[in-house]
Amino acid sequence: MTTTATEETRPASERVFSPFKLQTGFGDWRDDLEANGYVVVKGAVPPEKAEYYQQQAFNWLKTFDPKLDFKDPGTWKDATLPVQTDRNTYEHCGVVHERFMWEARLEPGVVNAFAKIWGTQELLVSFDSLNVTLPNLKPSRKPWPHVDQAPRKRGLHCVQGIINLSHAGEEDGSLVVIPGSHRYVEDFFDTKTSPADWEWRDNRYFSEEDMSFFRSRGLSPQKVHAEPGDLILWDSRTIHWGGEPTDKSTTIRTVIYAAYAPRELAAPSALQEKARVFKANGATTHWPHDNIKLRESLVCLPDGTVDPRNRSEPLEKAEPSERLLQLAGVMAY
């Protein structure tokens, strides 16, 4: 899955095949993940714990301005909120390594779900973001269909996850997927694109013209419905995007992104970089074992200056337990 060769020295047409194939025939949600490219694992986190994690997320946001009141939309202003990475996603100011974020990542129901997929408890976890979407705050973003796996990577390389902490119904913000698209993306890249045009990064967006390829095969978008404590999983080859709430929604979407993969799939260089990011209280991509890159840590205002509220570490640090350090990739199993 990983290689020591640099991206610059690989031929553009090279394909990297996964040694892993998702097993089926279990008679549970794993069959649905393989068939549809996504699944909702019900009740992975107890409801009372999901409520706790959501409240901790709210409390973290209120530390930037005590005037922020989640029961009063009149206080939902840019001035009361830290600068977001992407409209509603937070990965700066040490939030990725706040205690409540790590507590959620360590939830047995979450870790065990990924252990069932990969067949091992010796996992790594991504240092991923917090999403708090306030309804009716900004103009809705148009769909931005994409996959988080480079065209050169073939087969199942990564399973992404959302620890869902709020109700996600048809009117609310939630993940939108194209069920079954994971079965067709490789054919799309081989027949509709040139290998010379393939990008190395694990992210590829699809234009409206591109999407006609999938519509012609009977595929269509579906908003994922979920309840607090549910775990949403999807194959990184499944086309997806963050669905916006409609003007009928009053739900504050709250989710934690977390993906896990076997430690044995990580190259030594990836583990070294992961340890560096962990020490810096930084965020990475959705990938836990590969494509490890420190995301920009400074929070800048629209004028380009650093937000004076910027933080370099968590307000509440997680207890560095053996299990946490193993999942972080800084301690061997």
Q: Verify side chain to side chain contact (heavy atoms under 4.5 Å, CB included) between L327 and L124, making sure each step is shown before the conclusion.
A: CA-CA 4 Å; L327 287 170; L124 299 175; over 6 Å; no

Q: Walk me through whether K67 and D65 qualify under salt bridge (charged side-chain N to carboxylate O under 4.0 Å, His left out).
A: CA-CA 5 Å; K67 295 190 294 293; D65 193 322; 3.2 Å; yes

Q: Is there a side-chain contact between E103 and Y52 (heavy atoms, below 4.5 Å)?
A: yes

Q: Any chance you could measure M101, atom CE, to Y90, atom OH, to the nearest 0.5 Å?
A: 12.5 Å

Q: Verify, without hydrogens or angle tests, whether E186 (side chain) and G155 (backbone) share a donor-acceptor contact under 3.5 angstrom.
A: yes

Q: Quick check against the 3.5 Å criterion: does H289 have a side-chain atom that pairs as donor or acceptor with the backbone of P262?
A: no

Q: Restricting to side-chain contact (heavy atoms from CB on, under 4.5 Å), what partner residues turn up for H182, sequence neighbours left out?
A: D235, R237, T238

Q: Could you check whether atom CD of E209 has more than 12 heavy atoms from other residues, nucleotides or ligands sitting under 6.0 Å from it?
A: no

Q: List for me each residue that meets side-chain contact (heavy atoms from CB on, under 4.5 Å) alongside E313, sequence neighbours excluded, and say none if there are none.
A: N281, K317

Q: Who pairs with E170 by side-chain contact (heavy atoms from CB on, under 4.5 Å), at least two apart in sequence or on another chain?
A: K223, H225

Q: If you take the centroid of each ring, where Trp contributes its six-membered ring, are F20 and W118 closer together than 6.0 Å?
A: yes

Q: As an exercise, state the distance from CD of E14 to CZ of R154, rounded to the nearest 0.5 Å.
A: 11.5 Å

Q: Do K142 and E208 sit within salt-bridge range, that is, some charged N less than 4.0 Å from a carboxylate O?
A: no

Q: Kindly work out whether a path of hydrophobic side-chain contacts (I/L/V/M/F/W/Y, heavy atoms less than 4.5 Å apart) joins L294 to Y257.
A: no

Q: With rounding to the nearest 0.5 angstrom, report the CG to CZ distance, L325 to F278.
A: 5.5 Å

Q: Scan for salt bridge (charged side-chain N to carboxylate O under 4.0 Å, His left out) pairs involving residues 107-126, sequence neighbours excluded, and state none if there are none.
A: K49-E107

Q: Do any N or O atoms from the side chain of S18 and from the backbone of L156 form a donor-acceptor pair under 3.5 angstrom?
A: yes

Q: Quick check for you: to the nearest 0.5 Å, what is the distance between D202 atom CG and H286 atom NE2?
A: 10.5 Å

Q: Set out, in order, the CA-CA distance, both residues' side-chain angles and the distance that settles side-chain hydrogen bond (donor to acceptor under 3.5 Å, both in side chains) for D172 and S249, then state yes or no.
A: CA-CA 5 Å; D172 306 312; S249 178; 2.6 Å; yes

Q: Decide whether a cation-pi geometry holds between R217 and F213; the criteria are a distance under 6.0 Å from NZ or CZ to the six-membered ring centre and an angle within 45° of the ring axis.
A: yes

Q: Does atom CD (Q272) have a neighbourhood of more than 12 heavy atoms from anything else shown, all under 6.0 Å?
A: no

Q: Which pair of heavy atoms, one from H97 and one from P314, lies closest together, and at what distance?
A: O-CG, 3.4 Å

Q: Can you list the residues that meet the ring-ring contact (aromatic ring centres under 6.0 Å, His included) rule with F100, with sequence neighbours excluded?
A: none

Q: Can you tell me if Q121 and R323 form a side-chain donor-acceptor pair at under 3.5 Å?
A: yes

Q: Are the side chain of K274 and the backbone of V125 linked by a donor-acceptor contact shorter than 3.5 Å?
A: yes

Q: List the steps, then state whether side chain to side chain contact (heavy atoms under 4.5 Å, CB included) holds for L175 with Y38.
A: CA-CA 10 Å; L175 180 73; Y38 85 101; 5.7 Å; no

Q: Assess R141 against W144: is NZ or CZ under 6.0 Å from the centre of the six-membered ring, and within 45 degrees of the ring's axis?
A: yes

Q: Answer yes or no: is there a donor N or O on one side and an acceptor on the other, between the side chain of T254 and the main chain of L165, under 3.5 Å?
A: no

Q: Among all residues two or more places apart in sequence or in another chain, which pass the side-chain hydrogen bond (donor to acceptor under 3.5 Å, both in side chains) test with D28?
A: R30

Q: If you take all heavy atoms of S166 and T251, which pair is closest and at what distance?
A: CB-CG2, 4.2 Å

Q: Taking the side chain from S236 and the backbone from V159, do they hold a donor-acceptor pair closer than 3.5 Å?
A: no

Q: Going from CZ on F214 to CD1 on I178, what distance comes out if it is rounded to the nearest 0.5 angstrom?
A: 8.5 Å

Q: Run the numbers on D290 and K153 for salt bridge (charged side-chain N to carboxylate O under 4.0 Å, His left out), then give the verdict.
A: CA-CA 12 Å; D290 196 6; K153 290 183 176 176; 2.9 Å; yes

Q: Judged by modelled atom types alone, do N136 and D247 share a side-chain donor-acceptor pair under 3.5 Å?
A: no

Q: Surrounding NZ of K77 (heavy atoms of other residues, nucleotides or ligands, distance under 6.0 Å), is the total greater than 12?
A: no

Q: Could you check whether any side-chain N or O of D230 sits under 3.5 Å from a backbone N or O of N164, counting only pairs where one atom can act as donor and the other as acceptor?
A: no

Q: Under the ring-ring contact (aromatic ring centres under 6.0 Å, His included) rule, collect the residues that match up with F58, sequence neighbours excluded.
A: F70

Q: Applying side chain to side chain contact (heavy atoms under 4.5 Å, CB included), run through V45 and V110 and close with a yes or a no.
A: CA-CA 7 Å; V45 176; V110 174; 3.7 Å; yes

Q: Can any side-chain N or O of S126 pair as donor or acceptor with the backbone N or O of W287 at less than 3.5 Å?
A: no

Q: If the condition is side-chain hydrogen bond (donor to acceptor under 3.5 Å, both in side chains), which residues does D32 pass it with, not counting sequence neighbours?
A: none

Q: Report the distance from atom CG of L33 to atom CD1 of I117, rounding to the nearest 0.5 Å.
A: 5.5 Å

Q: Looking at residues at least two apart in the chain, or sitting in another chain, which of them share a side-chain hydrogen bond (donor to acceptor under 3.5 Å, both in side chains) with D210?
A: R204, S207

Q: With sequence neighbours left out, write down each residue that passes ring-ring contact (aromatic ring centres under 6.0 Å, His included) with W76, or none if nothing qualifies.
A: none

Q: Keeping Q222 on the side-chain end and S220 on the backbone end, is there a donor-acceptor pair under 3.5 Å?
A: no

Q: Going by an N to O cut-off under 4.0 Å, is there a salt bridge joining R15 and D190?
A: yes

Q: Apply the test side-chain hydrogen bond (donor to acceptor under 3.5 Å, both in side chains) to residues W241 and H146: give CA-CA distance (whole Å), side-chain angles for both, the deciding distance (0.1 Å), then the verdict.
A: CA-CA 7 Å; W241 62 89; H146 68 284; over 6 Å; no

Q: Does W234 reach the main-chain N or O of P179 with its side chain, forming a donor-acceptor pair under 3.5 Å?
A: no

Q: Once side-chain contact (heavy atoms from CB on, under 4.5 Å) is applied, do any residues pair with T63, and if so which ones, sequence neighbours excluded?
A: R311, L315

Q: Can you list the residues that meet the side-chain hydrogen bond (donor to acceptor under 3.5 Å, both in side chains) rule with Y184, with sequence neighbours excluded?
A: none

Q: Checking side-chain polar atoms at under 3.5 Å, does S129 have a donor or acceptor matched by the opposite partner on N131?
A: no

Q: Just do the side-chain hydrogen bond (donor to acceptor under 3.5 Å, both in side chains) check on W198 and T193 with the steps written out, would you?
A: CA-CA 8 Å; W198 291 354; T193 65; 3.1 Å; yes

